[in-house]
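In what follows, every chain begins at residue 1, and chains take the letters A, B, ... in the order their sequences are listed.
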Amino acid sequence: MTDAAQPQNNELPQDENHIIAERRAKLGKWRESGTAYPNDFKRENTAGKLLEVYGEKDGETLEATPVEVKVAGRVMLKRIMGKASFISLQDLSGRIQVYVAKDAVGEDTYTDFKHWDIGDIVGVTGTLFRTKTNELTVKASEVKLLSKCLRPLPEKFHGLTDIEQRYRQRYLDLITNEDSRFTFLARSRMIQSIRNYMVHAGFLEVETPMMHPIPGGASAKPFVTHHNALDMEMFLRIAPELYLKRLVVGGFEKVFEVNRNFRNEGVSPRHNPEFTMMEFYEAYADYRTLMDFTEGLLRHAARDALGTEVFEYQGRVLDLSKPFHRLTIVQAVMKHCPEYTEAQLTDAAWLRHKLREMKADPRGDMGLGALQLMFFEETAEAQLWEPTFIIDYPVEVSPLARKSDSDPEITERFELFIVGREIANGFSELNDPEDQAERFLAQAKAKDAGDEEAMFYDADYIRALEYGLPPTGGCGIGIDRLVMLLTDSPAIRDVILFPHMRKD
RNA sequence: GGGUCGGUAGCUCAGUCGGUAGAGCAGCGGACUUUUAAUCCGUUGGUCGAGAGUUCGAAUCUCUCCCGACCCA
């Protein structure tokens, strides 16, 4: 590591306290007595599986035909008594109680065991039985300390509630809070479900560059980095779109990619600088077929992650099983804000005036479509609780989408809103290279005029289109926001394992 | 960037009018062979986010800064 930009982080831990000192002393004794941190205990059972298989067996049955088990996990609770004790062991699958009696494990081991701490990782060999209160429990014949926990765990009853610490030390959150474990397990199941659905539908999973010489595929500020050997500026990708469409040009007719995008923006309950998108492209599809496909995909993901398509989000029912609504921008405003008339909503001057009243600050060069969209965002968007496709976006805000054959001012594009949030964005792709070149030029002009989020002119992408992109539909789905819905999480940080934080 | 709220023991939280810093859990010592947020007795532990100011005296009042949450842009 000779890089000058290497962060200096050689500080010794400064937060030792008497509890840690005590545990460190125990570790010292452990080292003296033999092999600390052994790796010869072979677990054969998990808590969840034992409870599943033997949860219904009564005490006599377990006694008549003893079940030998080997479990391992973290000590979460301990109830030490004179000559016999109980601990609760936690592994990924759940918790199981262990009964440790001096007579069974031997006096020396029992004396050591009494000084083990909550948080220690322990291996237990024994047989199953039922206690007086009928709890399935492992009666230990051997207990072995596998890994010492030097730092005290959060309080056993309340767990870790400090939201900042839960984000900064996610491992502690995961040890302590079952809700958090559920959220990330559900996230994993959901992504797996989406992959299965896509592969089953004949899509090919691909990986396109994360570092782009020209950032493209979305309107956003990129992170900039530098490639030393090539001595060139590079941008972390804001979207994979232009690369995926190059693959469709190349004959990969159905492709998808699940990966991170990076946008150089602030953090908020709904924004993290890096976030996960699933984008897919299908040759000979259009935005209408993609809407049908997306509906099916979301239902499938919900069923796999939660077991149901009907669930609650923040106290309100969300039903993905019903057909999703499809409305134009103007229709959506009129449906959710009936105080506005169609005459007003098709009057650019009226919209401009009203938006200024709302302190929305429309730019001078905005056309009717862009004004309508901005007005929609100010009024109706947040009210789209039920899944709703908003369709037919204006050309001026859709530089990569195909124009409608019936109205050259609009594109064949949709965005999907659920609980008032944008979840997906898709369109019939613009495959006319000359039209695309003009749109890029318009974007480049906007960039010159100061719009930092406007797109760059990507000459290689135009060249690719000149070889012929078949008529194609494409769509991007915000994975984090979808996980928020399925796990009833109010903030995107709750569904990202290690969200971005300032240095503390 | 602006506004509101918060940061006290390892964790969860109290802290009155400005007057020596508190509890529960965890830890340590003791009792206890069917407990389960075990119980009982005793006990250790604090840069009150950081710094400055006001004051005889600041966790408490004022200012600046740091970190976080929410709302707004």
Side-chain angles (χ1 to χ4, degrees), chain A residues 13-27 29 47 51 59 62-63 74-90 94-107 109-111 113-120 126-140 148-173 175-178 265-272 314 355-356 358-362 374 377-378 382 489-494 499-504:
Chain A
Q14 297 293 318
D15 59 344
E16 292 274 339
N17 61 46
H18 71 285
I19 297 177
I20 296 174
E22 191 80 48
R23 291 184 176 214
R24 222 176 262 289
K26 291 175 183 177
L27 171 60
K29 279 189 184 168
L51 293 168
L62 290 172
E63 211 167 317
R74 198 180 285 277
V75 177
M76 297 306 289
L77 293 170
K78 43 184 271 210
R79 296 176 285 282
I80 302 295
M81 296 174 292
K83 299 185 181 64
S85 305
F86 291 90
I87 56 173
S88 299
L89 266 201
Q90 173 173 292
R95 284 188 188 186
I96 191 158
Q97 181 171 257
V98 176
Y99 177 73
V100 182
K102 187 166 91 172
D103 293 348
V105 299
E107 183 157 4
T109 301
Y110 190 74
T111 305
F113 161 82
K114 282 211 280 189
H115 293 93
W116 294 353
D117 291 294
I118 289 178
D120 287 353
T127 53
L128 292 176
F129 78 112
R130 282 191 181 276
T131 62
K132 278 181 185 168
T133 52
N134 211 36
E135 178 165 348
L136 187 70
T137 301
V138 179
K139 184 176 287 181
K148 186 73 196 157
C149 177
L150 290 175
R151 290 171 178 270
L153 253 39
E155 201 235 21
K156 63 187 176 188
F157 186 56
H158 297 92
L160 183 64
T161 64
D162 181 71
I163 193 94
E164 181 177 354
Q165 206 176 345
R166 290 180 59 188
Y167 296 149
R168 289 191 193 275
Q169 292 179 268
R170 181 67 84 183
Y171 43 90
L172 267 187
D173 181 36
I175 290 169
T176 312
N177 295 323
E178 189 173 2
E265 298 161 354
V267 297
S268 87
R270 281 168 298 284
H271 296 89
N272 195 63
Q314 304 293 292
L355 281 166
R356 290 220 179 89
M358 296 170 167
K359 295 173 184 170
D361 192 27
M374 192 177 217
E377 288 167 351
E378 293 292 320
S489 300
I492 196 167
R493 295 183 199 93
D494 297 325
H500 284 279
M501 307 283 281
R502 284 179 207 274
K503 286 206 290 185
D504 61 350

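- Of the candidate nucleotides B:rU33, B:rU34, B:rA26, B:rA26 has the atom lying nearest to any side-chain atom of A:I19.
- With sequence neighbours excluded, the residues forming a salt bridge (charged side-chain N to carboxylate O under 4.0 Å, His left out) with A:R166 are A:D173, listed by chain and number.
- Side-chain contact between A:L136 and A:L51 is present, with heavy atoms from C-beta onward closer than 4.5 Å.
- Proximity of A:N272 to A:H500: side-chain heavy atoms (C-beta onward) are separated by under 4.5 Å at one or more points.
- With a 3.5 Å ceiling on both atom-pair distances, the Watson-Crick or G-U wobble partner of B:rG24 is B:rC11.
- Separating the CG atom of A:D120 from the P atom of B:rG10 is a distance of 19 Å, rounded to the nearest angstrom.
- Each of A:Q165 and A:A101 was assigned the nucleotide of RNA chain B with the nearest heavy atom; the assignment lying further toward the 5' end belongs to A:Q165.
- The same atom, P, is picked in B:rA31 and in B:rG45; the two are 23 Å apart, to the nearest Å.
- Comparing B:rG68 with B:rU55, their C1' atoms sit 31 Å apart, to the nearest whole Å.
- When both pairing distances are held under 3.5 Å, B:rG1 makes a Watson-Crick or G-U pair with B:rC72.
- By the side-chain hydrogen bond (donor to acceptor under 3.5 Å, both in side chains) test, A:Q97 pairs with A:R79, A:T137, sequence neighbours left out.
- We find that CZ of A:R166 is positioned 21 Å from P of B:rG6, with the value rounded to whole Å.
- Checked against salt bridge (charged side-chain N to carboxylate O under 4.0 Å, His left out), A:E164 has the following partners two or more places apart in sequence or in another chain: A:R168.
- Listed by chain and residue number, nothing satisfies the salt bridge (charged side-chain N to carboxylate O under 4.0 Å, His left out) test with A:K139 (two or more places apart in sequence, or in another chain).
- Between A:F129 and A:P152, the one whose closest nucleotide on RNA chain B sits nearer the 5' end is A:P152.
- A:Q314 pairs by the side-chain hydrogen bond (donor to acceptor under 3.5 Å, both in side chains) definition with A:D488, not counting sequence neighbours.
- In terms of polar N and O atoms assigned as donor or acceptor, the side chain of A:T131 comes within less than 3.5 Å of the base of B:rU35 in a complementary pairing.
- Base pairing annotation: B:rU64 forms a Watson-Crick or G-U wobble pair with B:rA50, both donor-acceptor distances under 3.5 Å.
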For nucleotides 64-73 of chain B, read 5' to 3', which letter fits each nucleotide if B means a protein heavy atom sits under 4.0 Å from the base, S means only the sugar-phosphate is that close, and - means neither? ---SSSSS--

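- Between A:D361 and A:R356, none of the side-chain N atoms (NZ, or NE/NH1/NH2) sits under 4.0 Å from a carboxylate O, so this pair counts as no salt bridge.
- Across all strands shown, B:rA59 has no partner, as no Watson-Crick or G-U wobble contact with both distances under 3.5 Å is found.
- Going from the C1' atom of B:rC32 to that of B:rG42 covers 16 Å, rounded to whole Å.
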Expected rows: protein N/O vs nucleotides 42-48 of chain B N/O, under 3.5 Å:
residue : atom : partner : partner atom : Å
B:rU44  : O2   : A:H18   : NE2          : 3.1
B:rG45  : O2'  : A:H18   : ND1          : 3.3

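- Residue A:K26 places at least one side-chain N or O closer than 4.0 Å to OP1 or OP2 of B:rC28.
- Not a single donor-acceptor contact under 3.5 angstrom links the side-chain atoms of A:Y99 to the base of B:rU35.
- A:R270 places none of its side-chain heavy atoms less than 4.5 Å from the side chain of A:I492.
- Nucleotide B:rU35 holds its P atom 18 Å from the NZ atom of A:K114, rounded to whole Å.
- For B:rC70 and B:rA26, the C1' atoms lie 32 Å apart once the distance is rounded to whole Å.
- No more than 12 heavy-atom neighbours from other residues, nucleotides or ligands sit within 6.0 angstrom of CD on A:E63.
- Protein atom NE2 of A:H158 is 12 Å distant from nucleotide atom C1' of B:rA23, rounded to whole Å.
- A:I20 has its CD1 atom 12 Å from the C1' atom of B:rA9, to the nearest Å.
- Only the C1' atoms considered, B:rA59 is 12 Å distant from B:rG22, to the nearest whole Å.
- Across the P atoms, B:rC17 and B:rU62 are found 15 Å apart, a figure rounded to whole Å.
- Rounded to a whole Å, the CG atom of A:N134 is 13 Å from the P atom of B:rU35.
- Under the side-chain hydrogen bond (donor to acceptor under 3.5 Å, both in side chains) criterion, A:R95 pairs with A:Q90, sequence neighbours left out.
- To the nearest whole angstrom, the two C1' atoms, one in B:rC56 and one in B:rA23, are 31 Å apart.
- Not a single donor-acceptor contact under 3.5 angstrom links the side-chain atoms of A:E135 to the base of B:rU35.
- Partners of A:Y110 under the ring-ring contact (aromatic ring centres under 6.0 Å, His included) rule, at least two apart in sequence or in another chain, are A:F113.
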List, with names and distances, any nitrogen or oxygen atoms from the protein found under 3.5 Å away from nitrogen or oxygen atoms belonging to nucleotides 38-41 of chain B.
residue : atom : partner : partner atom : Å
B:rA38  : OP1  : A:K156  : NZ           : 2.4
B:rA38  : OP2  : A:R79   : NH1          : 2.8
B:rA38  : N6   : A:I80   : O            : 3.2

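- When both distances must be under 3.5 Å, the Watson-Crick or G-U wobble mate of B:rU39 is B:rA31.
- Annotation: side-chain hydrogen bond (donor to acceptor under 3.5 Å, both in side chains) contacts of A:S268 (sequence neighbours excluded): A:H271.
- Summarising the geometry, the separation between CD on A:E22 and C1' on B:rG10 is reported as 13 Å, rounded to the nearest angstrom.
- As a whole-Å value, the separation of A:D103 CG from B:rC32 C1' is 14 Å.
- Taking atom P in both B:rA50 and B:rG27, the straight-line distance is 28 Å, to the nearest Å.
- Residues passing the salt bridge (charged side-chain N to carboxylate O under 4.0 Å, His left out) test with A:R130: none are found, sequence neighbours excluded.
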